[in-house]
Amino acid sequence: MPQLSQLAALRFHYHLPIVRNSLTWMLNRLDCPSAYSLAWVILAAAAYKDVRSDVLPALDMARDRLATMVEDPRTVEDTSTVALAALALGPENTNNPFEVAV
Amino acid sequence: VSPLTSRRVFGGALLAGTGALAVRQLCSTGFLRDRRRRQSRVAILHEDSYDGPLDRTLIEGLRLFDLNLRGKTVLLKPNLVEYIPGAEVNTNPRLVGAAASAFLALGAKTVLVGEGPGHQRDTVLVLAEGGLEAELRERRIRFVDLNRDEIRKVPLQTPFTGLDCLWLPRTVLTSDFVVSMPKLKTHHWAGVTLSMKNLFGVMPGVAYGWPKNLLHWKGIDRSILDINAAVPAHFVIADGIIGMEGNGPLHGSPRDLGRIVLADDPVAADFVCSRLMGLNPLRVNYLAQAAEFLGNGTPERIVHLGEMLPATVQPFAVLPEFAHLHL
């Protein structure tokens, strides 16, 4: 989901309506049936957990769902899904695992 | 210089002038093998809606071909691009499920469904949102993501893209009977997307990226010809119950046609489907070229087992740049 990685990268442009609306749209997609896309939703939403109060509870719910979906990684045929899920279920103090620290 | 390399260089030079005439020259000079059989068979079946008795219609339609499926592994390749609510983009899941059950009823040992969507990386999402996942689960049919299947290198014998080889999914290469299941749609770059264009979806994303970039750069028409020469589909079940006209393959309008087209030759299938859409297949570049060596396009070499083509059709709307396709 390249759009979701772009949304994560727009964290410092949250004042723009298109970014706010995109985040709202994404938080309404927590019932996503695919582990791959749900992992991207979590990774993108995590970048916004300090700027909007409804993100943290949504993240908790999404992580619980994702953990159930990939409980047995042998049932997930696509290894990139397993890797993304591992990132998305990683330490909660990480805002954005793709962020380059300077 | 190897014979294969010289064939590619010579073929490439001839194809610079491209078109059916160049392909005919390639065949006449022995650089391209004429694979056409003496006759191809097509059956146009009537079915008004996806809620109809699709299993029965397909079993009866397939019986017309007297196929030997006993003990075979059948791979169904539907057209799954992405899910757009309300749009008729993908081969209908009920038709795919009915086809799977029909092949099993006619003696196939195993039926698999495989696809490698070109736009959407998340195949699981397309399957779930489009309804195919539920349909296959209910019928206990396994799905293979061809974008991420194990891949094998296959040398190319045709010169259209200039590539030495294609990387193809193991599931496609090891299946005994490959069935292309397109949806009848117009296409903003190729004119129409039918059973031959549908085989773009067997090209693995892990090798060619999304949306199969290398092949788009080499040219859609040329890629279609090389892919279909390397992976000839044994059979076609085309979803023409509701097609798409206008700005296909994603953003066109639904078009009720009420037909399913079965065929034992993808070229013959696409010629008949084009005519059902009110379009002239000989004006679709890759179809005109394919009819010179891959399969049959001329009416005298196509036997109709079901309904005949209607005398008149209301043509599918096309983008202005494809107005010349109208019959």
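First the proteins, then the strands, lettered A, B, ... as listed; each starts at 1.
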So does B:E321 have more than 12 non-hydrogen atoms from other groups sitting under 6.0 Å from CD? yes

Does A:I18, at its CD1 atom, have more than 12 non-hydrogen atoms belonging to other residues, nucleotides or ligands within less than 6.0 Å? no

Separation between CD (A:E77) and OG1 (B:T123), nearest 0.5 Å, reads 10.5 Å

Rounded distance [0.5 Å steps], SG in A:C32 versus CD in B:E129: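 Reported to 0.5 Å precision, the distance equals 7.0 Å.
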
Before giving the answer on side chain to side chain contact (heavy atoms under 4.5 Å, CB included), spell out for A:S80 and B:R121 the whole-Å C-alpha distance, their side-chain angles and the decisive distance to 0.1 Å. CA-CA 11 Å; A:S80 65; B:R121 283 170 185 262; over 6 Å; no

Testing the basics here: between A:S34 and B:V124, what is the closest heavy-atom pair and its distance to 0.1 Å?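 Closest heavy-atom pair between A:S34 and B:V124: CB-CG1, 3.9 Å.
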
Side-chain heavy-atom pair A:P33, B:E133 within 4.5 angstrom cut-off: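 Side chain of A:P33 against side chain of B:E133, heavy atoms only: no contact under 4.5 Å found.
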
Looking at chain B, which one of A:T79, A:L38, A:T81, A:D78 has the largest number of heavy-atom pairs inside 4.5 Å, strictly under? A:D78

